[in-house]
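Protein chains get the first letters and strands the later ones, always in sequence-line order, with residue 1 at the start of each.
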2 protein chains.
Amino acid sequence: MDAYEFIKDAIIEGKFVPGMRLAEESLAKEMNLSRTPIREAIRQLEAEGLVIPLKRGVSVRHFTKDDIRQIYDLRTLLEGYAASQAAIHRTENDLVEMEKANILYEEAINQHVESDMDSLKDIVRVNQKFHEAIVTASKNEHIHFHISKVVVVPIVFRSFYWYNSFQLKQSLEVHKTILEAIKNREPERARIGMHEHIYQGRDHVLKHLEQIKNIHLLKEEEK
Amino acid sequence: MDAYEFIKDAIIEGKFVPGMRLAEESLAKEMNLSRTPIREAIRQLEAEGLVIPLKRGVSVRHFTKDDIRQIYDLRTLLEGYAASQAAIHRTENDLVEMEKANILYEEAINQHVESDMDSLKDIVRVNQKFHEAIVTASKNEHIHFHISKVVVVPIVFRSFYWYNSFQLKQSLEVHKTILEAIKNREPERARIGMHEHIYQGRDHVLKHLEQIKNIHLLKEEEK
DNA sequence: CTCAGATTCATTGTATACAAACAGATAAAT
DNA sequence: ATTTATCTGTTTGTATACAATGAATCTGAG
């Protein structure tokens with residue numbers, strides 16, 4: 001669906017932010033459509049929890065620090081399980097896909113120069129490919145379905161752009177550990193590796209949120 | 001939403017079955033509405049995975065035995081985690097709610113007479129209340145959100161109506177174990193109890209599906 | 001008889017129209 | 001001045017209309 005993609009992308013890109021009131025008419029005008037397809041897209045996004053209904057229109061959902069913690073707990077649980085299952089069910093082809101994704105990841109990190117947004121965007125994208133490959137190898141499409149819903153949220157915060165080279169190199173190491181565990185069919189080690197990896201991400205996002213909050217407080221004081 | 005409830009209920013009640021082609025117009029006529037609200041309801045149900053888009057119209061999703069296995073794995077993971085978290089975060093009030101639900105469950109089981117559909121429906125409802133109470137006590141609304149999506153699917157199969165008194169008494173025992181573990185703040189025991197409980201349900205549904213399949217095969221032969 | 005092409009009919013996708021609900025502003029009354 | 005009531009403009013909810021798409025049927029040629 002087109003309107004769906006448009007709105008979702010706008011949220012992910014930060015064009016629509018939490019608290020912002022979105023009316024159907026204005027959205028429709030912005031993308032040269034009538035209200036009908038817009039409404040359908042909104043219903044989908046509501047069902048996914050990305051957007052919440054307002055008395056008047058909708059708003060992109062506002063996630064608190066507590067939400068982030070909960071979502072990462074959930075994601076750790078799901079992706080950790082997926083990794084352990086991947087270690088059991090993975091085929092040779094799955095392994096090839098995972099390795100391919102990880103080589104791209106390594107290349108992206110090596111080419112990366114400190115605080116260059118575009119190269120970071122690349123890294124995020126390739127990282128996702130790697131995670132996707134693992135979930136695919138777990139052979140549980142229902143978990144896949146739920147993970148895909150959970151993964152979007154942290155992206156909204158664009159905390160990734162704050163990773164430094166050291167952290168990136170570190171996460172590459174964890175990737176390699178996970179990959180090796182899945183290759184050697186060690187479910188528990190794969191799970192633990194994934195836990196570590198995602199909790200790293202969680203800490204990072206939370207720290208980022210803390211900074212944003214401070215900036216916000218600063219602005220409040222300035223007034 | 002009204003059209004949403006209508007369609008979802010129809011699926012749960014078995015009025016709309018997998019493979020059945022549902023056109024917007026006919027749905028609209030059936031509930032005296034125009035197509036517009038119907039379409040929105042369908043988009044929601046699609047996002048939840050209960051219904052799949054067809055080239056022409058939609059159909060309620062057909063779940064295979066493998067889907068059931070995957071969904072129960074997922075549910076075990078999520079509800080097991082919720083139980084362990086409940087053992088950590090539960091308040092006195094949560095405990096009261098859980099005990100209340102479980103007393104109702106015990107009463108419903110004691111009043112139950114073998115293969116009475118209505119009393120089994122009651123039991124299913126009260127059982128859900130118990131599970132709800134645990135998830136609430138876990139203090140993670142995002143897990144709650146995902147569990148609620150996962151729980152609907154097995155209901156569609158109405159395998160519950162095949163429980164016998166012995167199985168019901170057995171599941172009451174497991175409920176009590178879980179409750180005690182949460183009360184005594186033993187996360188791991190709560191998780192294991194929940195695992196056992198849900199895997200019991202899974203075996204039951206799978207056995208039921210096997211029977212249905214046999215009946216189906218019988219019918220095929222009769223032709 | 002079989003298959004390709006044209007035709008018809010059902011069904012979706014989108015636009016538009018209008019009524020009902022609601023928020024905010026203005027006016028009136030105490 | 002504060003509160004209540006009314007009015008007004010905006011925004012949603014639903015219905016309807018029509019074009020685009022796809023499936024099924026029919027027709028004619030080989």
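For A/Lys65, the salt bridge (Lys or Arg N to Asp or Glu O under 4.0 Å) criterion is met by A/Glu210, not counting sequence neighbours. For the salt bridge (Lys or Arg N to Asp or Glu O under 4.0 Å) test, no residue two or more places apart in sequence or in another chain qualifies with A/Glu107. Residues satisfying the side-chain contact (heavy atoms from CB on, under 4.5 Å) criterion with B/Pro53, sequence neighbours excluded, are B/Glu46. Taking B/Asp203 as the reference, nothing meets the salt bridge (Lys or Arg N to Asp or Glu O under 4.0 Å) condition, with sequence neighbours excluded. A search for salt bridge (Lys or Arg N to Asp or Glu O under 4.0 Å) contacts involving A/Asp9 returns nothing, not counting sequence neighbours. Under the rule for a side-chain contact (heavy atoms from CB on, under 4.5 Å), B/Ser148 has no partner lying at least two apart in sequence or in another chain. Under the ring pair (Phe, Tyr, Trp, His ring centres under 6.0 Å) criterion, A/Phe130 pairs with A/His175, sequence neighbours left out.
A salt bridge links B/Glu141 to A/Arg61: one of the charged nitrogens lies within less than 4.0 Å of a carboxylate oxygen. Ion pairing between A/Arg90 and A/Glu92 holds under the 4.0 Å rule for side-chain N and carboxylate O. We find that A/Asp66 and A/Arg69 are joined by a salt bridge, their nearest charged nitrogen and carboxylate oxygen being less than 4.0 Å apart.
Fit an axis to the five pairs at each end of the helix from C/dC1-D/dG30 to C/dT30-D/dA1 and the two axes sit 10° apart, to the nearest 10 degrees.
At C/dA15, one or more side-chain N or O atoms of A/Ser34 fall inside 4.0 Å of OP1 or OP2 (strictly under the cut-off).
Proximity of residues 49-57 of chain A to DNA chain D (heavy atom under 4.0 angstrom from any strand atom) is restricted to A/Arg56, A/Gly57. Near-neighbour residues of DNA chain C inside residues 19-27 of chain A, defined by a heavy atom below 4.0 Å, are absent.
Here C/dG13 presents its P atom at 15 Å from CD1 of A/Ile38, a figure rounded to the nearest Å. Spacing between atom CD1 of A/Ile42 and atom C1' of D/dT12 amounts to 10 Å, rounded to whole angstrom units. B/Lys29 places its NZ atom 14 Å from the C1' atom of D/dT16, with the value rounded to the nearest Å. Rounding to whole angstrom units, CE of residue B/Met31 and C1' of D/dT14 are separated by 14 Å. One interatomic measurement links the two molecules: CG of B/Leu33 to C1' of D/dG13, which rounds to 11 Å at whole-angstrom precision. Atom C1' of nucleotide C/dA15 and atom CD of A/Glu40 are separated by 12 Å, given to the nearest angstrom.
Taken from CD1 in B/Ile12 to CD1 in B/Ile7, the straight-line distance is 12.5 Å, to the nearest 0.5 Å.
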Close N/O contacts between protein and nucleotides 17-20 of chain C (under 3.5 Å):
none

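Pairs passing the side chain to side chain donor-acceptor pair (under 3.5 Å) check and including a residue from residues 12-29 of chain B, sequence neighbours excluded, read B/Glu24-B/Arg35, B/Glu24-B/Arg39.
Residue B/Thr76 is tested with B/His195, B/Arg191, B/Met194, B/Arg202 for a side-chain contact (heavy atoms from CB on, under 4.5 Å); the sole match is B/His195.
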